[in-house]
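Remarks on the structure that follows.
In this chain, residues are counted from 1 in sequence order. Worth knowing before you read on, the calculation uses all heavy atoms, side chains too, and leaves out hydrogens, waters and symmetry mates.
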Amino acid sequence: MSNPNQLFLLADHIKLSLLERQRAQSLNLDGDSKDGHISRSLDQFRDGLAALEKEQKRLEEAGDEDGALTISDALPGLQKQYNDLTSQFHGFSSPSSASTLTHPNDPALSPDFEHATTSPTSAPGAPAAQPSSTSTSNLRPKGARTTSKTVRFTDNPTSPSAVDPDLEAQLFGGARYRDNPGDDSMGYRDEAAGMTNTQIHAYHQRILNEQDEQLDALGASIARQRELSMQIGDELDEHVAMLDDVDAAVDRHQGRLDRAKRQVGRISRAASESKQMIAIIILIIVLVLLIAILK
């Protein structure tokens, strides 16, 4: 991700996630379930900054001064936002980081930020309340299992979203996540319609529990496959040992056959020499008899 605009959008997404987690904590809900998602987003932000610096060096070497200058202008602001958001995530709040958290880079997201910074106990239409250092100091990561799914908590779940569809597509991709992709008539918005914040949280907790059960079943299946693979590996080792024994036996028998063949060759040569000797003796006897008869 070497595009400054994409990093600014990612920064806004992280800010909203932090504000939503803070809001969930203020409602005595489990806001720490966002920690894994926020941590991965911060890692992606950091990697994007590193890629942006490499892209700036590449443009400078290629002689593209305009592109390098554009990245150079955006880098300080992005680096400051990354540092402030990291501090907020780990609970180290300051006036500077709090200001960064509550101000979007894209004005189109101002309604979302205003709603996320509004106190849950305030009446509808009340002015947005800035997050205090006490509330932001509770944004501490936990060691519990986390999930990448995010929840947008609202006081009025049935109100339409104020996010621009094009901007939302840039942030989260073109395809929406569906808990049941095969059923187009029942998605997350259909399930969550009319629910309160507590019901939405319980609904998501039930989904996570079902996913945990499915993952446990998948883990057990993988364990069985691992045991079966180990047994197959042991069988293969035994077959390899048996093939080695057969190979050694074949080598021994081949040696014996070679020795027997050499012995047969010697016997054959010896028999051939004996036949020649007998023929010579018979010819000598016949010659002697002819000489005697002719005299």
Side-chain angles (χ1 to χ4, degrees), residues 1-22 32-114 116-117 130-131 133 136-137 139-143 146-150 152 161-177:
M1 184 182 293
S2 57
N3 189 340
N5 293 331
Q6 293 178 353
L7 291 179
F8 280 119
L9 287 174
L10 179 60
D12 285 342
H13 174 59
I14 297 173
K15 293 175 186 178
L16 285 173
S17 297
L18 288 171
L19 290 172
E20 288 167 4
R21 186 179 72 164
Q22 175 186 335
D32 295 331
S33 60
K34 291 178 173 290
D35 289 347
H37 169 72
I38 297 173
S39 177
R40 286 188 291 273
S41 298
L42 286 172
D43 291 340
Q44 186 179 3
F45 197 177
R46 182 193 59 210
D47 295 339
L49 288 174
L52 202 60
E53 292 175 354
K54 292 181 181 179
E55 180 67 13
Q56 179 185 3
K57 293 180 181 179
R58 187 188 68 80
L59 292 175
E60 290 176 351
E61 294 175 355
D64 189 354
E65 297 181 356
D66 293 337
L69 183 61
T70 301
I71 295 177
S72 177
D73 293 339
L75 265 178
L78 288 171
Q79 187 65 49
K80 180 180 182 302
Q81 291 194 36
Y82 171 75
N83 295 333
D84 291 343
L85 294 176
T86 303
S87 299
Q88 286 284 343
F89 176 64
H90 292 289
F92 302 105
S93 179
S94 66
S96 175
S97 62
S99 176
T100 300
L101 182 64
T102 56
H103 288 80
N105 297 308
D106 191 341
L109 292 176
S110 297
D112 278 353
F113 276 77
E114 181 179 359
T117 54
Q130 299 294 332
S133 60
T136 55
S137 64
L139 303 178
R140 298 183 182 273
K142 304 294 183 182
T146 58
T147 177
S148 62
K149 297 176 67 176
T150 60
R152 180 67 59 82
S161 175
V163 181
D164 185 6
D166 295 336
L167 179 60
E168 190 175 5
Q170 295 179 29
L171 284 171
F172 304 106
R176 294 181 179 273
Y177 173 80

* Structure fact -> So CG of L49 and CG of L75: to nearest 0.5 Å the spacing works out to 6.5 Å
* Asked: If only atom types and distance count, is the side chain of D12 paired as donor or acceptor with the main-chain N or O of P104 below 3.5 Å?
  -> no
* Heavy-atom closest pair, residues S72 and P76 -> O-CD, 3.0 Å
* So how far is it from D84 CG to Q81 CD, rounded to the nearest 0.5 Å? -> 8.0 Å
* Nearest 0.5 Å please: distance from the CD atom of E60 over to the CD1 atom of I71. => 9.0 Å
* Within-4.5 Å side-chain heavy-atom neighbours: L42 and I38 -> yes
* Is there a salt bridge (charged side-chain N to carboxylate O under 4.0 Å, His left out) between E61 and R58 once you walk through the steps? -> CA-CA 5 Å; E61 294 175 355; R58 187 188 68 80; over 6 Å; no
* Asked: What's the spacing between K54 NZ and L59 CG if we round to 0.5 Å?
  -> 14.5 Å
* **Working for side-chain contact (heavy atoms from CB on, under 4.5 Å), residues N5 and L9** => CA-CA 6 Å; N5 293 331; L9 287 174; 5.7 Å; no
* **Nearest heavy atoms of P107 and S110, plus distance in Å** => O-OG, 2.9 Å
* Report the distance from atom CG of L109 to atom NE2 of H103, rounding to the nearest 0.5 Å. => 14.0 Å
* Asked: If you count the non-hydrogen atoms of other residues, nucleotides and ligands that lie under 6.0 Å from NZ in K57, is the total more than 12?
  -> no
* Between CG on residue L78 and CZ on residue R46, distance to nearest 0.5 Å -> 15.5 Å
